Amino acid sequence: MRRLGPAGRGDHGDGSGDGYGDDSGDDYGDDYGAREVGEPILASGADEAWSLVRQSVAWHGHAVVYADWRDWLPRVLEDAELRPMLGSRDWQRLRGLPDPESRSRFAVSRLLMRCTAGAALQAPPGSIDLAYKPGGRPYLRGCDQIDVSLSHTGELIVVGLNRRGRIGVDTELASRRIRYASVERQLCTPDERALLGGLPEAERERELLRVWTLKEAYTKALGQGMRMGFNQFGFSRGGESLLTPDGRPASRGEWSFATFEVLGTYLLSVACHDVGLDGAGDLAVGTMLDAAFVHEIVGLLGEK
């Protein structure tokens with residue numbers, strides 16, 4: 001994994017640096033996104049990933065977790081606990097999917113959300129009540145102070161969780177190419193067009209894809225998706241700052257952004273909001289909720 005820098009440069013996430021860029025003289029340089037966004041955590045199903053989730057939430061107030069859904073097979077579909085873990089709604093959705101690949105991807109995505117939330121809340125994944133808002137956005141019933149976001153492309157599944165505010169994640173194949181001339185006025189602000197227009201074609205396409213995924217992540221965090229005009233807001237070249245269409249700052253530091261390359265194939269962009277809540281609070285579900293209420297909820301879930 002590497003955190004990308006302006007116009008496609010980045011930092012290798014292999015332990016050779018601090019995860020925020022280095023000056024070793026290779027092709028990767030400055031940060032690509034805000035330092036406040038924690039490094040995404042690879043979850044292959046092993047237990048060590050979940051302790052890193054708890055650590056990330058404690059340090060950053062949020063966690064971003066990603067997985068290749070194929071790494072979770074075949075044990076996920078063979079698990080006798082899959083049906084109660086998914087709950088009745090997601091189980092029915094799973095059974096209604098037309099092909100084995102779609103069913104596998106769906107099952108892993110929902111388990112990844114539950115395992116991530118369970119790690120953050122220090123609760124069994126099966127006790128997490130995953131529900132959906134009218135537009136389909138997932139949320140944790142009974143834990144409204146925690147925001148979650150889901151994205152998937154190809155083999156990649158990404159889950160974002162934030163206890164300090166909103167979060168949005170978006171993914172695309174790093175090799176995807178978008179014709180700048182076809183989308184520039186719909187996707188970019190005048191300030192972004194002035195920047196992108198001066199870049200060589202290959203560099204412009206890479207930067208355009210970064211901008212696209214950042215805007216997807218931001219509008220997902222807002223709960224707007226593509227209903228919000230992408231040319232109504234922009235980003236600085238490094239991707240760390242939200243800007244107005246004419247290039248002026250559009251926030252006061254409450255938003256953090258970053259883009260990473262993961263699994264060697266995908267871009268992963270994160271938009272993370274901080275409303276100023278204390279990030280050091282205890283997230284354990286037993287301390288967040290009344291003990292009697294928790295007991296009743298767990299009992300009801302056990303009856304499903």
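Residue numbers start at 1 and run along the sequence shown. Note that this is a predicted model, so its numbers are computed, not measured.
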Worked check of salt bridge (charged side-chain N to carboxylate O under 4.0 Å, His left out) between Arg166 and Glu254: CA-CA 10 Å; Arg166 295 178 176 269; Glu254 67 273 20; over 6 Å; no

Pair Ser151-Lys220, side-chain contact (heavy atoms from CB on, under 4.5 Å): steps then yes or no: CA-CA 10 Å; Ser151 182; Lys220 284 182 179 180; 3.5 Å; yes

Steps toward side-chain contact (heavy atoms from CB on, under 4.5 Å) verdict (Tyr266, Glu172): CA-CA 6 Å; Tyr266 299 94; Glu172 280 290 350; over 6 Å; no

Audit row: Glu205, Leu208, side-chain contact (heavy atoms from CB on, under 4.5 Å) steps and yes/no: CA-CA 5 Å; Glu205 288 184 349; Leu208 182 63; 5.6 Å; no

Working for salt bridge (charged side-chain N to carboxylate O under 4.0 Å, His left out), residues Arg237 and Glu203: CA-CA 12 Å; Arg237 181 172 180 179; Glu203 192 174 339; 3.2 Å; yes

CA sep, side-chain torsions, deciding dist, call: Tyr218, Gln224, side chain to side chain donor-acceptor pair (under 3.5 Å): CA-CA 9 Å; Tyr218 177 60; Gln224 294 296 312; over 6 Å; no

Worked check of side-chain contact (heavy atoms from CB on, under 4.5 Å) between Asp144 and Ile146: CA-CA 5 Å; Asp144 293 343; Ile146 297 177; over 6 Å; no

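Rounding to the nearest 0.5 Å gives a distance of 8.0 Å between CG of Asp79 and CG of Leu111. Distance OG1/Thr259 to CG/Leu214: 3.5 Å, rounded to 0.5 Å. In this structure, CD on Glu184 lies 8.5 Å from CD on Gln186, to the nearest 0.5 angstrom. Taken from CD1 in Ile128 to OG1 in Thr116, the straight-line distance is 10.0 Å, to the nearest 0.5 Å. For the atom pair Glu155 CD and Leu263 CG, the distance stands at 8.5 Å (nearest 0.5 Å). A distance of 11.5 Å separates CZ in Arg163 from SG in Cys143, rounded to the nearest 0.5 Å.
Nearest approach of Leu86 to Ala107, heavy atoms of both residues: CD2-O, 4.4 Å. Phe260 and Gly38 get closest at one heavy-atom pair: CZ-O, 3.9 Å. For the pair Val53 and Ala120, the tightest heavy-atom approach, listed with the atom from each and the gap, is CG1-N, 4.2 Å. Residues Arg137 and Ser149 come closest through the heavy atom pair NH2-CB, 4.2 Å. For Ser269 against Ala217, the heavy-atom pair with the smallest separation is O-CB, 3.7 Å. For Glu192 against Lys215, the heavy-atom pair with the smallest separation is OE1-NZ, 2.8 Å.
Inspection of the Asp246 and Thr244 side chains reveals an N or O donor paired with an N or O acceptor under 3.5 Å. Counting only N and O atoms by type, the side chains of Tyr180 and Glu201 include no donor and acceptor under 3.5 Å apart. A donor atom on one side chain and an acceptor atom on the other are found under 3.5 Å apart for Asp90 and Tyr132.
Two residues are said to be in side-chain contact when any heavy atoms from C-beta on lie closer than 4.5 Å; Pro200 and Arg204 fail this criterion. At a threshold of 4.5 Å between non-hydrogen side-chain atoms, the residues Leu94 and Leu82 count as touching. Using a 4.5 Å heavy-atom threshold, the side chains of Tyr66 and Leu156 count as touching. Considering only heavy atoms from C-beta on, Trp91 comes within 4.5 Å of Arg83 through its side chain. Residues Val169 and Leu150 form no side-chain contact, since every pair of their non-hydrogen atoms from C-beta on lies 4.5 Å or further apart. A heavy-atom distance below 4.5 Å is found between the side chains of Phe233 and Met228. Side-chain contact between Asp99 and Arg105 is absent, with no heavy atoms from C-beta onward closer than 4.5 Å. In this structure, the side chains of Met1 and Glu261 stay at 4.5 Å or more apart for every pair of heavy atoms.
Leu243 and Leu196 fall into different hydrophobic clusters, where Ile, Leu, Val, Met, Phe, Trp and Tyr residues are linked whenever their side-chain heavy atoms come under 4.5 Å apart, directly or through other members. In the hydrophobic clustering of this structure, Ile178 does not group with Leu195; members are Ile, Leu, Val, Met, Phe, Trp, Tyr whose side-chain heavy atoms approach within less than 4.5 Å, directly or through other members. Cluster membership for Leu187 and Phe235, using ILVMFWY side-chain heavy atoms within less than 4.5 angstrom, is shared. No path of Ile, Leu, Val, Met, Phe, Trp and Tyr side chains, each step under 4.5 Å between heavy atoms, connects Tyr139 with Ile167, placing them in separate hydrophobic clusters.
The pair Arg193-Glu207 does not meet the salt-bridge criterion, since no charged nitrogen lies less than 4.0 angstrom from a carboxylate oxygen.
When atom types are taken as modelled, the side chain of Ser104 and the backbone of Pro100 share a donor-acceptor pair closer than 3.5 angstrom.
Heavy atoms of other residues, nucleotides or ligands lying less than 6.0 angstrom from CZ of Arg177 number more than 12.
Screening Val262, Asp170, Val64 against Val158 for a side-chain contact (heavy atoms from CB on, under 4.5 Å) leaves a single residue, Val64.
Using the six-membered ring where Trp is involved, His60 and His62 have ring planes that are tilted, between 30° and 60° apart.
Between Phe230 and Trp212, the ring centre distance reaches or exceeds 6.0 Å.
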